[in-house]
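To start, the structure under review is shown below, and the notes come after it.
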Amino acid sequence: MPQSIQLSHITKGFGTTHVLQGIDLTIEPGEFVSLVGMSGCGKSTLLRVIAGLESPTEGQVHIGGVDVTQDDPSDRNLAMVFQSYALYPHMTVRQNIATPLRMRQLSLRQRLPLIGKLLTPAPLRRAIDTAVAEAADSLQISALLDRKPGQLSGGQRQRVALARALVRNPAAFLMDEPLSNLDAKLRAHMREELVSLHKSLGATFIYVTHDQIEAMTMSDRIALMSGGQIAQVGTPDQLYHAPATLTVARFIGSPTINLLPAEADGAGRVRVFGHDIGLTTTARGPVTLGVRAEGLHDAPQGLRLTVLRCENHGADRFVSCALCDDDTQRVTLRQSAPTPGPAVGDHMQIGIDARAAHVFDADGNRCRTQACQQVAA
Amino acid sequence: MSVTRYIPHMVLTLGAGIMLLPFYWMGLTAIRPPAEVFDLTLWPIPKTLAAAENFTQAATSVPMARFMLNGVIVCAGILLVQVVTAVPCAYALAKLRFPGRRLLLATVIAALCVPMQALALPLFVGLAKAQMLNTYFAMMAPFFVSVFAIFLFHQSFRSYPDEIIDAARMDGFSEMDICWGLVLRGSLPALSAFAVFSIVAHWNDLYWPMIVITKTELAPPPLGMLFFSDAETGANYGALMAGATLITAPIVICFLLARKQFIAGITMSGVK
């Protein structure tokens, strides 16, 4: 049964450092929410607080409406998949998958080696065996059941860890960078599998990652964390197309968003190195203009650039350039690959698509903008 | 080139030879008749073989089996309580977070420096006041808590992955389940290394039993040997060495059985 998870004012400090600073977040039943951020932003600590492996300094965790802040990890009915998979090394795959059920459903005596088997009622034993077989089957690891974790590849261990998590039908799945130890190809494949697993189970997923591509491709919603706080919560589209702060804009998207120094005049018209780009904003004075690679286009009267590097990605090409007005400023633009690309050292001129541009004030917060008629410089 | 490659082996062989010489001499004396005991030859076959006489005298003139049994009881008792106390303690120091942990660990390491002899007098007085001299308990009690065991297990437990412990907590393992079922399970080489250290030390211990035991029927093997040399044999070194061979044998066998794990245990935990 998928449950909602509600975090209210979660604070966590270790000594004088505040790892989490007042986190509020509600995760709906069946939702796939990613916690993303740079390393050290507190996302793993937040997951551990939800799991009960760390207790918050302040604040409450509610699961399915029930306050579980003081409950032990095992009483929260959550399943967690760890970065290193954390399989029990001395147990076979079968025993690993069965462990969460055995710990919950069997008494201490029934868990004893050898004689425990005799003390366990046959229907209970069969129920556990069936659940293990089903979990193994759904992750296609039935052939590996009698192996030890040491004999498995990284991808296989990953599947065993997932099977161990889903065998007992938890209130929610917590995943701590589960794909980061896999190679690129397998990672892309497991992304798909996780998404379809999420669909088929209809379960609540909380997924921690530092990889924005994982977050963008898999999540219903993303909570982007920075410095122990949530910078923005929203759908992948919202974070990509309407980043609330500079931090979010920088973190989401590949290649990284282009950020240029700009000036908003008394009427709020935004100029970049003297070029009017047809955009007005609520801010005044120096601002930062953010525009993604696809928001730039060739324009005869636009900003002059020198090509530094061309990166071919098959269908697309990313061209990194330095601004002629200030060669410490770099921009990256996207071109369709079939057209012949520019050579290193070539000059080009680009315009900025006002509807795709974001303006951030001096504090890094996004300001409202409106596209308007462009006037020649 | 080929000669220099063998030099380390030659040095080690020489060292091993020097270490083994006293044992060889013991074995040799045990099968020699009294007349040949002081011969300086290392030739393994004596002119007259006296093995049967020596071993018979060693085994019959004192209750050798009784001494062995006492040794087994004392060593097993000590080892069992040491493991029962040291494993949870080492687990807490290695894997749990609580105030004062570093101080406790420092105390454990400091306690490694206290020699047994320094504590002998207060322990003896305490046991005497409690009227517990001449008991198995008196022989075992001072060794029940081994800081060396805590330290050795701590070193070994520290390397156990934290994520597995977290996974176990989520799966519903209690801290004791984790400690005994997972962490100790992953440190079996350290356990057998410690078992060898402990058994060897207490099987061979003469100092403490000599202080608290005066009754022959409670004597562990080395003390028994002492009674044996006093009472019966006087200068019969052959029989004495036959007795020493008998009491050393179980330890050597015990080490040979646990050799592989023992070496893994000491190399893994960084204790040498």
Side-chain angles (χ1 to χ4, degrees), chain A residues 14-15 44 47-55 71-91 95-108 111-113 116 149-150 157 160-161 164-165 167-168 170-178 181, chain B residues 83-84 87-88 90-105 153 155-195 258 260-261 264-265 267-269:
Chain A
F14 294 104
S44 286
L47 195 74
R48 293 171 59 82
V49 166
I50 299 171
L53 296 168
E54 304 274 356
S55 53
D71 289 4
D72 282 339
S74 54
D75 297 336
R76 300 186 182 201
N77 193 23
L78 301 170
M80 189 149 165
V81 178
F82 294 85
Q83 190 172 359
S84 63
Y85 318 133
L87 302 175
Y88 305 119
H90 63 280
M91 297 184 191
Q95 290 165 331
N96 260 288
I97 300 174
T99 297
L101 294 178
R102 288 168 50 84
M103 295 307 293
R104 259 146 225 276
Q105 298 175 3
L106 304 188
S107 66
L108 185 62
R111 279 189 271 121
L112 289 173
R157 283 182 214 183
V160 177
R164 187 177 65 178
V167 73
R168 64 181 167 83
F173 289 83
L174 311 180
M175 310 211 172
D176 190 1
E177 311 218 11
N181 286 347
Chain B
V83 170
V84 166
V87 166
Y91 171 67
L93 288 172
K95 289 296 177 192
L96 303 182
R97 288 200 311 249
F98 54 91
R101 185 179 68 137
R102 281 168 168 272
L103 185 73
L104 276 176
L105 185 62
F153 286 128
Q155 296 300 95
S156 173
F157 289 178
R158 229 171 26 163
S159 62
Y160 197 82
D162 287 324
E163 288 202 336
I164 298 182
I165 296 177
D166 284 340
R169 288 191 183 130
M170 302 215 48
D171 280 345
F173 283 75
S174 70
E175 292 299 316
M176 279 296 172
D177 288 334
I178 295 173
C179 173
W180 294 100
L182 294 177
V183 179
L184 182 63
R185 187 77 187 240
S187 298
L188 288 183
L191 180 63
S192 48
F194 174 69
K260 224 175 184 173
Q261 304 242 330
T267 47
M268 202 176 66
S269 53

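Here is the naming used below: chain letters follow the sequence lines, and residue numbers restart at 1 for every chain. Side chains included, hydrogens not; waters and symmetry mates left out as well; all remaining heavy atoms used.
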Test ring pair (Phe, Tyr, Trp, His ring centres under 6.0 Å) applied to B/Tyr91 - qualifying residues, sequence neighbours left out
none

What option among B/Pro161, B/Gly172, B/Ala167 has the most heavy-atom pairs under 4.5 Å with chain A?
B/Ala167

Below 3.5 angstrom, are there any donor-acceptor pairs between chain B and chain A, and if so, which atoms and how far apart?
from, atom 1, to, atom 2, distance (Å)
B/Arg97, NH2, A/Glu54, OE1, 3.0
B/Glu163, OE1, A/Ser84, N, 2.9
B/Glu163, OE1, A/Ser84, OG, 2.3
B/Asp166, OD2, A/Arg48, NH1, 2.6
B/Asp166, OD2, A/Arg48, NH2, 3.4
B/Ala168, N, A/Tyr88, OH, 3.4
B/Met170, O, A/Arg104, NH2, 3.2
B/Asp171, OD2, A/Tyr88, OH, 2.7

By side-chain contact (heavy atoms from CB on, under 4.5 Å), which residues pair with B/Ala195, not counting sequence neighbours?
B/Leu79

So which heavy atom on B/Phe173 is nearest to which on A/Met103, and how close?
CA-CE, 3.6 Å

If you count heavy-atom pairs under 4.5 Å between each of A/Pro100, A/Pro73, A/Ala79 and chain B, which one has the most?
A/Pro100

Between A/Leu78 and chain B, with a heavy-atom cut-off of 4.5 Å, which part of the residue counts as in contact: side chain, backbone, both or neither?
both

A/Leu87 versus chain B, heavy atoms under 4.5 Å apart: side chain, backbone, both or neither?
backbone

